[in-house]
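Right, one structure below, let's go through it.
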Amino acid sequence: MTLIEAAQLLASLLNCMALMGLLLYGLNAYVMIALHWRTSRGRHAVPAPPDVSVWPLVTVQLPLYNERYVARRLLQAAANLDYPTDRLEIQVLDDSTDDTKGIVAEMVQRLQARGVDIAHMHRVERTGFKAGALAAGLEKARGEFVAIFDADFVPPSDFLRRTIPHFAESRVGVVQTRWGHLNQDFSLLTRAQSLGIDGHFGVEQTARCRGHLLLNFNGTAGIWRRSAIEDAGGWAHDTLTEDLDLSYRAQLRQWQILYVPEIVCPAELPVVISGFKSQQRRWAKGSIQTAVKLLPLVLSFVHLTYYMIHPLMLVVVLLSIPAFAVGGLMPSKTALALKSIVFALASVGPACMLIYAQLVLPARRWHHALWLPSLLVIGVGVAWSTSLAVLSAFWSRDPHFVRTPKFGIGPGGGQWRGRRYASSHPWGGLAELGLGLYCAWTAWVLGEQGHYGVLPFMLLYTAGFLTVGALTVLQAMPGVRGAAGDETGTQSLARDGSRGHSDLPKLGSSCTTVVIAPESS
């Protein structure tokens, strides 16, 4: 056997191993669909909770970091929660380093003057990022239950009255609600994201909850029993997904996570590709960090390591030419057919789950499944940046948190061009453009040699990498980004965030803020 033949054999083996890995994660989608369908009968549904005779004390935590465009919207929604005023306190956990701090301070003062029990807590140092902020707020919280809403969410006014009754069962530690979408029709990117989120919340979370499998609190739009947080060891910041980490630790302590899809909490989807990529990188790296940390204690490999699908995709793509089209060891037609079938099963599974989600979710329409190609293109296109995050999780414990920018875009539309927080790094898309060209060449070579079974998938990879790469470059161009021309100060934010808040009294900008000093350690 020549050196070239040996290299091709190795490439073929690695390609097959990657394909089998993709098949494992693809089969998970089929299992979730089957489990959801089997448990969709009435006896598996979440029972109606009993009436509450005495409403418990609830702390609402609002973690913020540089959210000048959505801070007012979030605080107003929290203040509008329909709950006994003497049983509700709100903590604004503000780690901002820009003018968001002043905006929050002014808004808090207005709400306090209206009788809302709300405190503005600002840390001198961002130790532990979001997890550290939640832990610091919990030390001062009075609530028996803790509801958490990220900056891009707008909780409905009846959120607490609908979730608190589900804690009648003493071992329920968390109630998680379904994410809705404020701006799903803004662009193809937001429509694609809405499909992916619907697949997770419409099918997988429901199936896992009804099937009594391990599932996770999604970091926001949910409420914790405080004793469950403390019993599980509290918020830890040694991973980027503190929510997933605490969820598993709580379930290992026999606490139950209850998912209630009937309660929908809408949120703003990222509107620029750089924001979507950073969000996916954070979730990917954090989930693998959590897997490395907790897998010795749990048997939920696929759920914790799902983002491994992206490195496996890259292996399949990069090794397609060496495995199929180089050297003298040409695979037989049977072997190629089997690989094509495996590839198809692995790829079609997630798509089937997303389409199924549109059929079973309330207030959804089957025609939303027509957006599926956009999600497939975007989902494939972020494989490079997400794979780097996954691989870095194995050798780096760096907890550096990169936030996903929000611009206050809701059902009425909005604008991100010319505003702060947009990416200024156009070179971030060059790798995807290069991969797109490589995939196009691979598709041409495989087509020339008659390997038509994998050709559609290679064309999908081509479209995905080229699309994401081009969007990354174009949206970061100074003429599009326009960050330097963004309005500054609280005056511009008053125009952005004060719509619908004319009932608030006009007060000065001073406000009492709790400053949390760095930990002594």
Worked check of side-chain contact (heavy atoms from CB on, under 4.5 Å) between Ile273 and Thr467 | CA-CA 10 Å; Ile273 194 68; Thr467 299; over 6 Å; no

Using side-chain heavy atoms (C-beta onward) and a distance below 4.5 Å, is [X] in contact with [Y]?
X: Cys439; Y: Val317; value: yes
X: Gln358; Y: Ile355; value: no
X: Leu435; Y: Leu318; value: yes
X: Val146; Y: Val58; value: no

Have Gln289 and Asp245 got a donor and an acceptor in their side chains that come within less than 3.5 Å?
->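 The answer is no; no qualifying pair exists.
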
Classify the side-chain pair Thr462/Tyr438 by whether it contains a donor and acceptor separated by less than 3.5 Å.
->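 Distance-only check fails for Thr462 and Tyr438.
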
Main-chain N/O of [Y] paired to [X] side chain as donor or acceptor, under 3.5 Å:
X: Tyr259; Y: Ala207; result: no
X: Gln280; Y: Gly275; result: no
X: Thr100; Y: Glu67; result: yes
X: Gln61; Y: Leu93; result: no
X: Thr177; Y: Val260; result: no
X: Ser347; Y: Ala344; result: no
X: Gln193; Y: Pro270; result: yes
X: Arg249; Y: Gly234; result: yes
X: Tyr65; Y: Asp95; result: no
X: Arg282; Y: Leu240; result: no

Listed partners of [X] passing side-chain contact (heavy atoms from CB on, under 4.5 Å), at least two apart:
X: Ala284; value: Tyr307, Thr386, Ala389, Val390
X: Val315; value: Ala18, Leu319
X: Val380; value: Met313, Leu460, Tyr461

Which one of Thr290, Leu134, Ile229, Val174 satisfies the side chain to side chain contact (heavy atoms under 4.5 Å, CB included) criterion with Leu246?
->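 Of the listed options, the one satisfying the test is Ile229.
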
Return the orientation label for the Phe167 and Phe145 ring planes: parallel under 30°, perpendicular over 60°, tilted otherwise.
->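 Ring orientation, 0 to 90° scale: tilted.
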
Could you label the plane-to-plane angle of the Phe217 and Trp224 rings as parallel, tilted or perpendicular, counting under 30° as parallel and over 60° as perpendicular?
->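 It falls in the perpendicular class, over 60°.
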
Considering residues at least two apart in sequence or located in another chain, which fulfil the ring pair (Phe, Tyr, Trp, His ring centres under 6.0 Å) criterion with Phe465?
->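 Phe465 satisfies ring pair (Phe, Tyr, Trp, His ring centres under 6.0 Å) with no residue once adjacent residues are dropped.
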
Which is it for Val360 and Ser40 under the side-chain contact (heavy atoms from CB on, under 4.5 Å) test, yes or no, and what are the steps along the way?
-> CA-CA 10 Å; Val360 299; Ser40 61; over 6 Å; no

Go through the steps for Lys130 and Asp150 under the test salt bridge (charged side-chain N to carboxylate O under 4.0 Å, His left out), then give the verdict.
-> CA-CA 10 Å; Lys130 179 182 175 181; Asp150 284 350; 2.8 Å; yes

With sequence neighbours excluded, residues passing side-chain hydrogen bond (donor to acceptor under 3.5 Å, both in side chains) with Trp235 |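 Residues passing side-chain hydrogen bond (donor to acceptor under 3.5 Å, both in side chains) with Trp235: none at all.
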
For Arg226, all residues meeting side-chain hydrogen bond (donor to acceptor under 3.5 Å, both in side chains), sequence neighbours excluded |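 Counting only residues at least two positions away or on another chain, Arg226 forms a side-chain hydrogen bond (donor to acceptor under 3.5 Å, both in side chains) with Glu230.
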
In terms of side-chain geometry, is the basic nitrogen of Arg178 or Glu262 positioned less than 4.0 Å from the acidic oxygen of its partner?
->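 Looking at Arg178 and Glu262, the cut-off is not met.
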
Kindly state whether the ring of Phe129 and the ring of His237 have centres lying under 6.0 angstrom apart.
->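 No, they do not, as the ring centres are separated by 6.0 Å or more.
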
How about Trp179 and Phe153: are their ring centres within less than 6.0 Å of each other?
->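 Under 6.0 Å, so yes.
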
So Leu75 and Leu62, side-chain contact (heavy atoms from CB on, under 4.5 Å) or not? Walk me through it.
-> CA-CA 8 Å; Leu75 269 62; Leu62 310 175; 4.1 Å; yes

CA sep, side-chain torsions, deciding dist, call: Asn218, Gln205, side-chain hydrogen bond (donor to acceptor under 3.5 Å, both in side chains) | CA-CA 10 Å; Asn218 295 100; Gln205 286 288 74; 2.9 Å; yes

So with a 6.0 Å cut-off around CZ of Arg253, is the heavy-atom count from everything else above 12?
->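 Not buried by this count: 12 neighbours or fewer within 6.0 Å.
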
When you look at Thr239 and Lys293, which way does the side-chain hydrogen bond (donor to acceptor under 3.5 Å, both in side chains) test go after all the steps?
-> CA-CA 9 Å; Thr239 76; Lys293 176 180 178 179; over 6 Å; no

Hey, mind stepping through Thr305 and Tyr25 against side-chain hydrogen bond (donor to acceptor under 3.5 Å, both in side chains) and telling me if it holds?
-> CA-CA 9 Å; Thr305 63; Tyr25 292 102; 2.8 Å; yes

Should the pair Arg225 and Trp255 be classed as cation-pi, given the thresholds of under 6.0 Å to the six-membered ring centre and 45° from the axis?
->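 Judged by the rule (NZ or CZ under 6.0 Å from the ring centre, within 45° of its axis), Arg225 is not positioned above Trp255.
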
Value rounded to 0.5 Å, distance of CZ in Arg162 from CG in Leu160 |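 CG of Leu160 is found 12.0 Å from CZ of Arg162.
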
Test side-chain contact (heavy atoms from CB on, under 4.5 Å) applied to Leu195 and Arg191, step by step = CA-CA 6 Å; Leu195 280 180; Arg191 288 174 176 174; over 6 Å; no

